[in-house]
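Quick note: numbers below take in every heavy atom, side chains included, and nothing from hydrogens, waters or symmetry partners.
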Amino acid sequence: MTKPIFVLNGPNLNRLGSREPEIYGTTTLAEIETMCRKAADGLPVRFHQSNFEGEIVGWIHEAIDEGAGIIINPAGFSFTSIAILDALKMFPGPIVELHISNIHRREEIYHKSLVSTVATAVIAGLGPRGYATAVNSLKHLMEG
């Protein structure tokens with residue numbers, strides 16, 4: 001059986017579609033999940049969102065044991081979570097960090113992601129469509 005791709009989403013992303021549409025657009029997280037599954041083209045996908053750091057760490061632990069790759073939009077945890085960083089360090093496969101907005105064009109507090117230090121690749125600023133790009137990129141990274 002093929003190992004799944006884990007798509008992990010951090011805090012406030014459950015509010016996509018209504019949250020700051022001038023920055024994040026009007027696409028909902030459910031629509032993004034559909035995009036990811038379509039882009040995966042039959043590969044299994046485990047799609048999760050949480051506002052709680054420990055729950056995200058738990059899913060990373062599951063990915064360590066069961067996953068082929070991780071796509072993570074850590075949202076606000078990008079800049080604060082040593083726990084998520086440490087969990088990702090243990091993952092043996094490719095990791096794609098994803099941001100809907102271009103964090104480097106935003107306020108300075110958003111410029112330094114801890115997750116970027118362990119990510120295989122970083123995608124930022126492509127809007128919700130960046131998720132499909134991340135899935136396609138991760139598939140290529142998993143091929144070796």
Could you check if a side-chain atom of [X] sits within less than 4.5 angstrom of a side-chain atom of [Y], using non-hydrogen atoms only?
X	Y	result
His99	Ser78	yes
Leu16	Thr27	no
Phe47	Leu29	yes
Pro44	Lys3	no

Rounded to the nearest 0.5 Å, what's the gap from CD1 on Ile72 to OG on Ser113? Could you check?
-> 9.0 Å
Hey, what do you get for OG1 (Thr117) to CG (Leu85), rounding to the nearest 0.5 Å?
-> 4.5 Å
How close do [X] and [Y] get, counting heavy atoms only, and between which atoms?
X	Y	value
Phe77	Phe52	CE1-C, 4.1 Å
Leu138	Ile70	CD2-N, 3.9 Å
Ala119	Val122	CB-CG2, 4.2 Å
Leu98	Pro74	O-CD, 4.2 Å

Taking only residues at least two apart or on different chains, which pairs with a member in [range] satisfy salt bridge (Lys or Arg N to Asp or Glu O under 4.0 Å)?
range	value
residues 118-139	none
residues 73-102	Asp86-Lys89
residues 18-28	none

Can you name the side-chain contact (heavy atoms from CB on, under 4.5 Å) partners of [X], sequence neighbours left out?
X	value
Ser137	Ile123, Thr133
Glu66	Arg46
Thr120	Pro94, Ile95, Leu141

Pairing residues for Ser101 by the side-chain hydrogen bond (donor to acceptor under 3.5 Å, both in side chains) criterion, not counting sequence neighbours | Arg106
Can you list, pair by pair, the side-chain donor-acceptor contacts under 3.5 Å of residues 4-14, counting residues two or more places apart and other chains?
| from | atom 1 | to | atom 2 | distance (Å) |
| --- | --- | --- | --- | --- |
| Asn9 | OD1 | Tyr131 | OH | 2.6 |
| Asn9 | ND2 | His48 | O | 3.1 |
| Asn14 | OD1 | Gln49 | NE2 | 3.4 |

Let me check something: do [X] and [Y] share a hydrophobic cluster, defined by ILVMFWY side-chain heavy atoms less than 4.5 Å apart, either directly or through other members?
X	Y	answer
Val135	Met142	yes
Trp59	Ile71	no
Leu126	Ile100	yes

Result block: side-chain N/O donor-acceptor pairs under 3.5 angstrom for residues 32-41, not counting sequence neighbours:
| from | atom 1 | to | atom 2 | distance (Å) |
| --- | --- | --- | --- | --- |
| Glu33 | OE2 | Arg37 | NE | 3.1 |
| Glu33 | OE2 | Arg37 | NH2 | 2.9 |
| Thr34 | OG1 | Ala30 | O | 3.2 |
| Arg37 | NH1 | Val45 | O | 3.0 |
| Arg37 | NH2 | Val45 | O | 3.4 |

